[in-house]
Amino acid sequence: MDFKDNVVILTGASTGIGEALAHQLAQQGAWLALAARNAEKLEQVAAECRDHGGRALVVPTDVTDESQCEMLVDQTVAAFGRIDTLINNAGLSMWMKLEDVEDLASLEYLMRVNFFGSMYCTYYALPHLKRAKGRIIAIASVAARTGIPTRTGYAASKHAMVGFFESLRIEVEDDGVSVTIAFPDFVASGMHTRSLGADGKPLGHNPLQVDKIMTSEECARLILDGAAQRRRQVVMSNRSRFGQWLKLIAPGQVDKIAKKAIEKGK
Ligand SMILES: NC(=O)c1ccc[n+]([C@@H]2O[C@H](COP(=O)([O-])OP(=O)(O)OC[C@H]3O[C@@H](n4cnc5c(N)ncnc54)[C@H](OP(=O)(O)O)[C@@H]3O)[C@@H](O)[C@H]2O)c1
């Protein structure tokens, strides 16, 4: 029950890993500010959270809009009086080779959601997190540590998140604020179906072997365990744990593993 009465801003709370995080936090008695664009879906998640015993506030937010991120922070403080935890989870992926991209605006958009969205929320929440000696959680990806084919723009946005949050960790250490970066491997959620294809539109199907990859619930559980202990990072699969070391001595082998993972969809 590490998050009992803990005021948590959670972006990307309408579905997938974010929805699973919301449920598990509510079961621990957290007070949640749920953010995403789909207000109707957020209301559903909020109702489920209240049933689980948590408090839930719905704040429809597009994280690519700085002023909406500022408003998310203001509304949370107005409702709950403080912010203990910020979870930067909202994200979007891609499934296309660079040479096939029809309009580079889609790669810029990935950067706006994954990187700038996290930066805006963190900037505005920071004074409150310092007051609470709170926690910042950034949901990155295995693509934040190594290259993955068909993910150029996504990997770039996730590498950017890591640079940002690893630097911030040092800045806020003396204030008692912890920064936990999560590195999920493939997770079963709607993200892959929603991944941008070459035409900049959602792919519309999931190329992964969904029954062979981690569930959103398991991923959420690992994230919350790591954040509760204020760990620096949460690396979730044996493949990525092994890959971290292999990259130091045989980076070409890690490239081969990444290529095979995309080809096999697991
Ligand atoms: N699934 C995986 O295999 C995997 C692997 C590694 C890392 N991750 C990371 O885990 C996080 C969650 O992914 P997921 O698998 O749960 O994906 P998902 O099921 O597609 O959920 C993504 C969430 O982000 C929200 N979102 C997207 N664009 C947004 C915007 N502009 N403003 C506000 N919210 C926005 C979506 O809500 P709305 O559409 O309602 O706005 C949704 O709630 C992401 O950061 C992703 O990169 C996922």
Side-chain angles (χ1 to χ4, degrees), residues 10-22 34-45 58-69 72 87-121 138-144 146-161 183-216 219 258-266:
L10 171 60
T11 68
S14 61
T15 185
I17 299 168
E19 183 178 6
L21 284 166
L34 303 173
R37 292 163 304 172
N38 186 335
E40 208 177 309
K41 191 71 209 321
L42 284 179
E43 290 292 355
Q44 264 176 42
V45 176
V58 165
V59 190
T61 307
D62 183 337
V63 296
T64 64
D65 181 334
E66 181 182 341
S67 63
Q68 292 189 36
C69 296
L72 167 63
I87 308 183
N88 290 295
N89 168 72
L92 180 67
S93 188
M94 62 188 281
W95 203 296
M96 53 176 148
K97 286 169 79 175
L98 183 66
E99 64 187 18
D100 298 327
V101 173
E102 288 174 16
D103 185 345
L104 284 171
S106 40
L107 267 62
E108 285 180 26
Y109 184 67
L110 283 175
M111 193 59 94
R112 285 170 53 203
V113 177
N114 297 346
F115 174 66
F116 286 102
S118 301
M119 183 183 83
Y120 298 148
C121 292
I139 313 303
S141 164
V142 286
T146 198
I148 313 267
T150 74
R151 298 287 199 281
T152 48
Y154 179 73
S157 69
K158 294 292 182 176
H159 273 72
M161 278 181 78
F183 296 89
D185 201 316
F186 285 143
V187 177
S189 74
M191 185 180 85
H192 305 284
T193 306
R194 274 187 286 277
S195 291
L196 302 183
D199 57 2
K201 299 201 174 96
L203 212 53
H205 66 280
N206 189 344
L208 296 180
Q209 300 190 50
V210 178
D211 54 335
K212 301 232 167 74
I213 58 179
M214 182 178 280
T215 63
S216 289
C219 179
K259 190 167 180 230
K260 211 164 128 193
I262 290 296
E263 283 166 0
K264 289 196 156 180
K266 69 181 171 89

Evaluate side-chain contact (heavy atoms from CB on, under 4.5 Å) for Asp103 paired with Tyr109, printing each intermediate quantity in order. CA-CA 11 Å; Asp103 185 345; Tyr109 184 67; over 6 Å; no

Just checking Glu40: does its CD atom have more than 12 heavy atoms from other residues, nucleotides or ligands closer to it than 6.0 angstrom?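 No, the 6.0 Å shell around CD holds no more than 12 heavy atoms from other groups.
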
Output the distance between atom NZ (Lys266) and atom NZ (Lys260), rounded to the nearest 0.5 Å. 8.0 Å

Rounded to the nearest 0.5 Å, what separates atom OG in Ser195 from atom CG in Asn206?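 Going from the OG atom of Ser195 to the CG atom of Asn206 covers 8.0 Å.
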
Taking side chain to side chain contact (heavy atoms under 4.5 Å, CB included) as the test, write out the residues that go with [X], two or more places apart.
X	result
Ala90	Thr11, Val63
Ala143	Ser141, Ile148, Tyr154, Ala155
Glu66	Tyr120, Tyr124
Glu43	Val58

Less than 4.5 Å apart, side chain to side chain, heavy atoms only: is that true for Glu19 and Lys41? yes

Keeping the roles fixed (side chain from [X], backbone from [Y]), state whether a donor-acceptor pair exists under 3.5 Å.
X	Y	result
Arg151	Trp95	no
Thr64	Asp62	no
Asn89	Gly12	yes

Grab the two heavy atoms, one from [X] and one from [Y], that are nearest each other, plus how far apart they are.
X	Y	value
Ile17	Cys219	CD1-SG, 3.9 Å
Gly147	Ala258	O-CB, 3.6 Å
Cys69	Gly117	SG-O, 4.3 Å
Arg194	Thr15	NH2-CG2, 3.5 Å

Going by the rule ring pair (Phe, Tyr, Trp, His ring centres under 6.0 Å), which residues pair with Phe115 if we only count those two or more places apart in sequence or in a different chain?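 Phe115 satisfies ring pair (Phe, Tyr, Trp, His ring centres under 6.0 Å) with Phe164 once adjacent residues are dropped.
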
Looking at residues at least two apart in the chain, or sitting in another chain, which of them share a side chain to side chain donor-acceptor pair (under 3.5 Å) with [X]?
X	result
Gln209	Lys212
Asn114	Ser157
Thr146	Lys247
Asp65	Ser67, Gln68

Scan the side chains in residues 185-193 for donor-acceptor partners under 3.5 Å anywhere in the protein, sequence neighbours excluded, and list what turns up.
residue : atom : partner : partner atom : Å
Asp185  : OD1  : Arg239  : NH2          : 2.8
Asp185  : OD2  : Ser237  : OG           : 2.7
Asp185  : OD2  : Arg239  : NE           : 3.1
Asp185  : OD2  : Arg239  : NH2          : 3.3
Ser189  : OG   : Met191  : N            : 3.0
His192  : NE2  : Val187  : O            : 3.4

Please list, chain by chain and in numerical order, all residues satisfying salt bridge (Lys or Arg N to Asp or Glu O under 4.0 Å) with Glu99, sequence neighbours excluded. Lys97

Assess the residue pair Leu107 and Leu98 against the criterion (side-chain contact (heavy atoms from CB on, under 4.5 Å)); give the C-alpha distance rounded to whole Å, side-chain angles, the decisive distance to 0.1 Å, and a yes or no. CA-CA 9 Å; Leu107 267 62; Leu98 183 66; 3.8 Å; yes

